[in-house]
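To keep things clear, I will list the structure first and then write my remarks on it.
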2 protein chains.
Amino acid sequence: MQDENRLIAQSLSYRLATASRFLINRLNRNFKENDLSITYEQFRIMIRLWKEDGLTQGQIAALTGKDEPSVSRLINNMIKRNLIKRLPHPEDRRTNLIFLTEEGKNIQHDLYVQYRKTTEEALQGVSASELDTCLKVLDTVTKNLA
Amino acid sequence: MQDENRLIAQSLSYRLATASRFLINRLNRNFKENDLSITYEQFRIMIRLWKEDGLTQGQIAALTGKDEPSVSRLINNMIKRNLIKRLPHPEDRRTNLIFLTEEGKNIQHDLYVQYRKTTEEALQGVSASELDTCLKVLDTVTKNLA
DNA sequence: CGGGGATACTTGCATAAACAAGCTTATGGG
DNA sequence: CCCATAAGCTTGTTTATGCAAGTATCCCCG
């Protein structure tokens, strides 16, 4: 009980949510300030497409840990921004295949530069072993709640 | 550069955002399943009011790290759910004072029970020292980006 | 080969955040 | 005493998530 309360007093949820929000906000701001018209969540989809173009929406959902409605609407937004195209599957009319546009391919480098820069900013003063431990805890939390 | 890439490869942002999302989702679900009609973000405002009733919206914003528009709309939702009341400040008509309703006072215990339970679920298998390190890293990230 | 269930996706509705812009009320300097 | 400015809050728009429900297509089993 004592130990329990000690854990609670540290307000894991608040500190976790705050750090996450700050990091995502900074990523979004750094993208924007460098004329990269994309959000972090869209960037996460781009990462998958740079690895393998022509995925279905369901595959993207599974790979990014998003649900299908989220992917559907993110893709709508990304099409508006001319990052990707949605093409019907040649054999299965239920399915769409998502492809990068030229612009979507071209911004990869610049996005990674900003991504790297922002992660470095965030991790100033954090040692490699502290980061390892932190990531391990985050993964445990995720696994416990999955 | 090598060290830098090592850090990046660990995708801090993804793991941070995922753990955060899972924890908040679980909190929201556990509240709901126990007939507590409140969200985690609203709960964070309640915590402040249990400590000190009759705060202004600006004070709540400052104390919870939210912006004023967010607080304004969260408070609208909380009034609909009969958790709090918004009363005009007796001397400054620009200002509102926010007070707990009876219901808002009464659910404090039950909310903390669920909050505690969920945090314990999340932290299964995490040692006290690992948690300390993780929280320290999260705070550093927040501070670096503030 | 036809119908029912599964699959892939979309839409609707609620919550919440970020940011800009608007409105009302206070207040201090001239 | 009045006006410009500041303070406190609200509204509008965009982005994203969660969950429920709807639509279209496919496919297998009897």
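Sequence lines set the chain letters: A, B, ... in the order given, protein chains first and strands last, and positions in each chain run from 1.
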Does the base of dT7(C) carry an N or O that pairs as donor and acceptor with the side chain of Arg94(A) under 3.5 Å?
-> yes
Any side-chain donor near an acceptor of the partner, Asn30(A) and Gln114(A), under 3.5 Å = no
Heavy-atom side-chain contact between Asp110(A) and Asn34(A) under 4.5 Å = no
Here the distance between atom C1' of dA16(D) and atom CZ of Arg21(A), to the nearest Å, is 14 Å
5'-most contact on DNA chain C (nearest-nucleotide basis), Leu97(A) vs Tyr40(B), goes to Leu97(A)
Sub-4.0 Å heavy-atom contacts from residues 70-83 of chain B onto DNA chain C, ordered by number = Ser70(B), Arg73(B), Leu74(B), Asn77(B), Arg81(B)
Ser72(A) (side chain) donor-acceptor with Glu68(A) (main chain) under 3.5 angstrom = no
Value in whole Å for how far the P atom of dT14(D) lies from CZ of Phe31(A) | 22 Å
Give the rounded distance in Å between these two atoms: NZ of Lys66(B) and P of dT10(D).
-> 16 Å
Taking the side chain from Gln59(A) and the backbone from Thr56(A), do they hold a donor-acceptor pair closer than 3.5 Å?
-> yes
To the nearest Å, give me how far apart CD (Glu68(B)) and C1' (dA6(D)) are.
-> 13 Å
Answer yes or no: is there a donor N or O on one side and an acceptor on the other, between the side chain of Asp53(A) and the main chain of Leu100(A), under 3.5 Å?
-> yes
Start at the 5' end of DNA chain C and walk down; is the nucleotide closest to Pro69(A) or to Arg29(A) reached first?
-> Pro69(A)
For dA26(C), take OP1 and OP2 only and decide whether either is under 4.0 Å from a side-chain N or O of Arg93(B).
-> yes
Which residue lies more 5' along DNA chain D, comparing Lys32(B) with Thr95(B) via nearest heavy atoms | Thr95(B)
Rounded off to whole Å, could you give me the CG-to-P distance for the Asp67(B) and dA21(C) pair?
-> 15 Å
Apply side-chain contact (heavy atoms from CB on, under 4.5 Å) to the pair Thr64(A) and Ile45(A), showing each step before the final yes or no.
-> CA-CA 7 Å; Thr64(A) 57; Ile45(A) 291 181; 4.3 Å; yes
May I have the distance from Glu33(A) (atom CD) to dC19(C) (atom C1'), rounded to whole angstrom?
-> 13 Å
When the aromatic ring centroids of Tyr40(B) and Phe31(B) are compared, is their separation below 6.0 Å?
-> no
Rounded to the nearest Å, what distance is computed from the CG atom of residue Leu23(B) to the P atom of nucleotide dA16(C)?
-> 16 Å
note: Asn25(A), atom CG; dT15(D), atom C1'; distance rounded to Å ~ 11 Å
Looking at Lys66(A) and Glu41(A), does any basic side-chain N land under 4.0 Å from a carboxylate oxygen?
-> yes
List in numerical order all residues of residues 42-65 of chain B for which some heavy atom is under 4.0 Å away from an atom belonging to DNA chain D.
-> Thr56(B), Gln57(B), Gly58(B)
Co-members of the apolar cluster containing Val113(B) [side chain, <4.5 Å] = none
Which of these nucleotides, dA16(D), dA17(C), dT10(C), is closest to any side-chain atom of Glu41(A)?
-> dA16(D)
Could you tell me whether Asn96(A) contacts a base, only the sugar-phosphate backbone, or nothing, with contacts defined as non-hydrogen atoms closer than 4.0 Å?
-> sugar-phosphate
Counting N and O atoms only, with roles assigned by atom type, does the side chain of Asn144(B) sit under 3.5 Å from a partner on the main chain of Gln124(A), one being a donor and the other an acceptor?
-> yes
